[in-house]
Amino acid sequence: MVNMAEPKTELLEGCRVPVLLPNGDGWHMAEILSIKEVNNLSMYYIHYEHYNKRLDEWVTIERMDLTKLEQPKKDVKTPVKKENTQTNKAVNGGTSSRPSSPEREIYENGSMQSLGLSGSGAMKLHIGGGGASFGSRKRKLEDDLNADSQDAPSTPRQTGSMVAHHDDIVTRMKNVSLIEFGRWRIKPWYFSPYPQELTTLPILYICEYCLKYLKSAKCLERHLAKCLYKHPPGNEIYRKSNISVFEIDGRKNKQYAQHLCLLAKLFLDHKTLYFDTDPFLFYCMCEQDARGYHLVGFFSKEKESAEDFNVACILTLPPYQRKGYGKLLIEFSYELSKVEGKTGSPEIPLSDLGLLSYRSYWSQTILEILLGLKPNENGDRPCITINEISELTSIKKDDVISTLQHLNLINYYKGQYIITLSEEQIQTQERGMAKRPIRIDPKCLHWQPKDWSKRGKW
């Protein structure tokens, strides 16, 4: 039962108080970030501690247990200003915390995480008994697999695409209540620097073709009557069935790229992508029907990456999440790496949902390779190295090793590293592959990589 006791002291920004969760999971400590009056009713914007920011919401005093109210500490600044005017940057990235989604109609999706492991080694595949297992010759694999974290940088590398996102009281709060995008109305998860005069509206209207933002349904209707776009600008480099992928140059199509960053920031957090989109390529995946091409998701990629990152930021829009598009985007990024003849890895840091998506993709892809190996002509158990797995999949060796470790497949037995797959793991792998009805067909990819180092200013 909700505690209706009157507070002994005034409720201020920075106060901590238990709040009744909307899904009936009981009480959870929350911090008050902002206060406003709506029709003479006080509303409090709260952040649930240790939960993802996408769960933040406006609540009334009836959902608070005021008997356990904690006043802000003296060194905490409590004044909260209203939302700033539009900043000169769009933001892109992921956050790590609770993996569940704040809205039932919004599905989980992935962004990315780097795993910071290094090393490679030769491994033999042993198939027999209750499952499949792998063994290695003694090639210092122990040092590779047990590499100390001191070999990796203590902080993530920050590139021009991923400037650390420092929270302030404005960017911690969702500033857009609802967007209308095509036939969907979606509740945003995070702050995005749209013009302030638009964030006060109950609904922000966005053209699903050119991504222009408008203030009313009538404005959107007039815009659609004259909008020249029916698909993202740029080159269509992939098409199979009703799925297409377009490559957008951030320099040639700057306005579209900036609008894409603003839209993406509504559902991504933690890192910042400046409005200088020139150094990036954007790959937009669309579903096609009689009305046009509908944006499903995208990933961005640096034209020149010193560390061979093949993804800077990745997003599947909420209405299309949990339908396999997240893994499809990841798979497409690795298909581009295969054409380039490189191994790639997503730029760090990754979000919680991104880590889940990448972990799942890496696991399924690597296990698919391992289970597809056959004994050689002499009947000997097949042999494969980590380098060969990396070359076949374009997944970096670090990610291959860390994925095998994450799956708890590596064991030390009689002087060898043995990787054993149980029948249960094989069945789980088969079920996982069966749940991926859509896959990238390399034959439908028509794309040639460019050497951006020889193109001067891109």
Side-chain angles (χ1 to χ4, degrees), residues 107-112 132 231-232 235-247 281-289 293-301 310-311 313-346 350 353-374 384 388-396 399-400 403-404 407 421 425-449:
Y107 308 107
E108 292 184 359
N109 176 54
S111 80
M112 322 152 289
H231 58 75
N235 299 322
E236 184 181 15
I237 62 174
Y238 179 88
R239 180 191 295 180
K240 183 174 183 181
S241 185
N242 67 329
I243 303 296
S244 292
V245 179
F246 294 82
E247 181 184 62
L281 296 169
F282 298 82
Y283 294 90
C284 296
M285 183 171 288
C286 300
E287 276 188 353
Q288 180 191 10
D289 62 19
Y293 293 77
H294 309 284
L295 183 65
V296 167
F298 83 100
F299 67 88
S300 59
K301 177 179 180 179
N310 63 356
V311 166
C313 182
I314 187 168
L315 170 71
T316 304
L317 292 174
Y320 298 97
Q321 292 175 4
R322 290 186 177 176
K323 296 182 179 180
Y325 287 113
K327 283 200 181 95
L328 201 65
L329 282 166
I330 295 173
E331 184 179 4
F332 189 82
S333 71
Y334 281 106
E335 287 298 331
L336 296 184
S337 295
K338 290 178 184 178
V339 176
E340 292 176 311
K342 300 177 180 179
T343 59
S345 185
L350 285 172
L353 302 182
L355 175 59
L356 292 175
S357 294
Y358 265 93
R359 273 297 189 195
S360 178
Y361 172 80
W362 287 333
S363 298
Q364 289 184 1
T365 303
I366 293 171
L367 290 175
E368 189 176 23
I369 293 291
L370 299 178
L371 294 177
L373 295 174
K374 303 297 181 183
I384 190 170
E388 289 171 341
I389 296 174
S390 181
E391 290 171 3
L392 287 170
T393 62
S394 280
I395 300 173
K396 272 205 168 184
D399 297 331
V400 174
T403 300
L404 294 173
L407 295 172
L421 291 175
Q425 288 172 319
I426 294 174
Q427 292 173 4
T428 301
Q429 162 71 4
E430 291 173 347
R431 287 195 298 268
M433 299 307 297
K435 291 180 180 179
R436 292 179 62 183
I438 48 177
R439 300 288 298 271
I440 295 297
D441 185 351
K443 297 178 182 178
C444 298
L445 174 62
H446 303 285
W447 179 77
Q448 290 294 327

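- The backbone N or O of Ile395 lies less than 3.5 Å from no partner atom in the side chain of Thr343, so there is not a single donor-acceptor pair.
- Looking at residues two or more places apart in sequence or on another chain, you find a side-chain hydrogen bond (donor to acceptor under 3.5 Å, both in side chains) between Asp441 and Lys240.
- Not counting sequence neighbours, the partners of Tyr283 by the side-chain hydrogen bond (donor to acceptor under 3.5 Å, both in side chains) test are Glu247.
- The side-chain heavy atoms of Val245 and Leu445, taken from C-beta on, include no pair separated by under 4.5 Å.
- Between Lys323 atom NZ and Thr316 atom OG1 the span is 11.5 Å, to the nearest 0.5 Å.
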Would you sort out whether Leu370 and Ile389 count as a side-chain contact (heavy atoms from CB on, under 4.5 Å), showing the intermediate values? CA-CA 8 Å; Leu370 299 178; Ile389 296 174; 3.8 Å; yes
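- Under the side-chain contact (heavy atoms from CB on, under 4.5 Å) criterion, Glu236 pairs with Arg239, Ser244, Phe246, Tyr293, sequence neighbours left out.
- No side-chain donor-acceptor contact under 3.5 Å links Ser360 to the backbone of Ser357.
- Within the 4.5 Å cutoff, the side chain of Tyr320 has no heavy atoms near those of the Leu328 side chain.
- In this structure a side-chain-to-backbone donor-acceptor pair under 3.5 Å is present from Ser300 to Cys313.
- Rounding to the nearest 0.5 Å gives a distance of 5.0 Å between OG of Ser345 and CH2 of Trp362.
- When side chains are defined from C-beta on, Ile330 counts as touching Ile314, because their heavy atoms get closer than 4.5 Å.
- With sequence neighbours excluded, the residues satisfying side-chain hydrogen bond (donor to acceptor under 3.5 Å, both in side chains) with Glu335 are Lys338.
- Every side-chain contact (heavy atoms from CB on, under 4.5 Å) that Glu340 has, sequence neighbours left out, goes to Lys301, Ser337, Lys342, Trp447, Pro449.
- Taking CG of Leu315 as the reference point, atom CG of Leu329 lies at 8.5 Å (rounded to 0.5 Å).
- The structure places CZ of Arg439 at 14.5 Å from CD1 of Ile243, a figure rounded to the nearest 0.5 Å.
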Under the side-chain contact (heavy atoms from CB on, under 4.5 Å) rule, what do Phe332 and Ile237 come out as? Steps first, then yes or no, please. CA-CA 11 Å; Phe332 189 82; Ile237 62 174; 3.7 Å; yes
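- Rounding to the nearest 0.5 Å places CG of Leu281 at 12.5 Å from CZ of Phe298.
- The shortest heavy-atom contact between Pro346 and Asn310 is N-OD1, 3.7 Å.
- Of all heavy-atom pairs between Cys284 and Leu295, the closest is CB-CD1, 3.7 Å.
- Looking at heavy atoms from C-beta onward, Gln364 lies out of side-chain contact with Glu368 at the 4.5 angstrom threshold.
- With sequence neighbours left out, the side-chain contact (heavy atoms from CB on, under 4.5 Å) criterion links Leu407 to Ser363, Leu367, Thr403, Leu409.
- A heavy-atom distance below 4.5 Å is found between the side chains of Tyr238 and Ile440.
- In this view, Glu391 satisfies the salt bridge (Lys or Arg N to Asp or Glu O under 4.0 Å) rule with no residue, not counting sequence neighbours.
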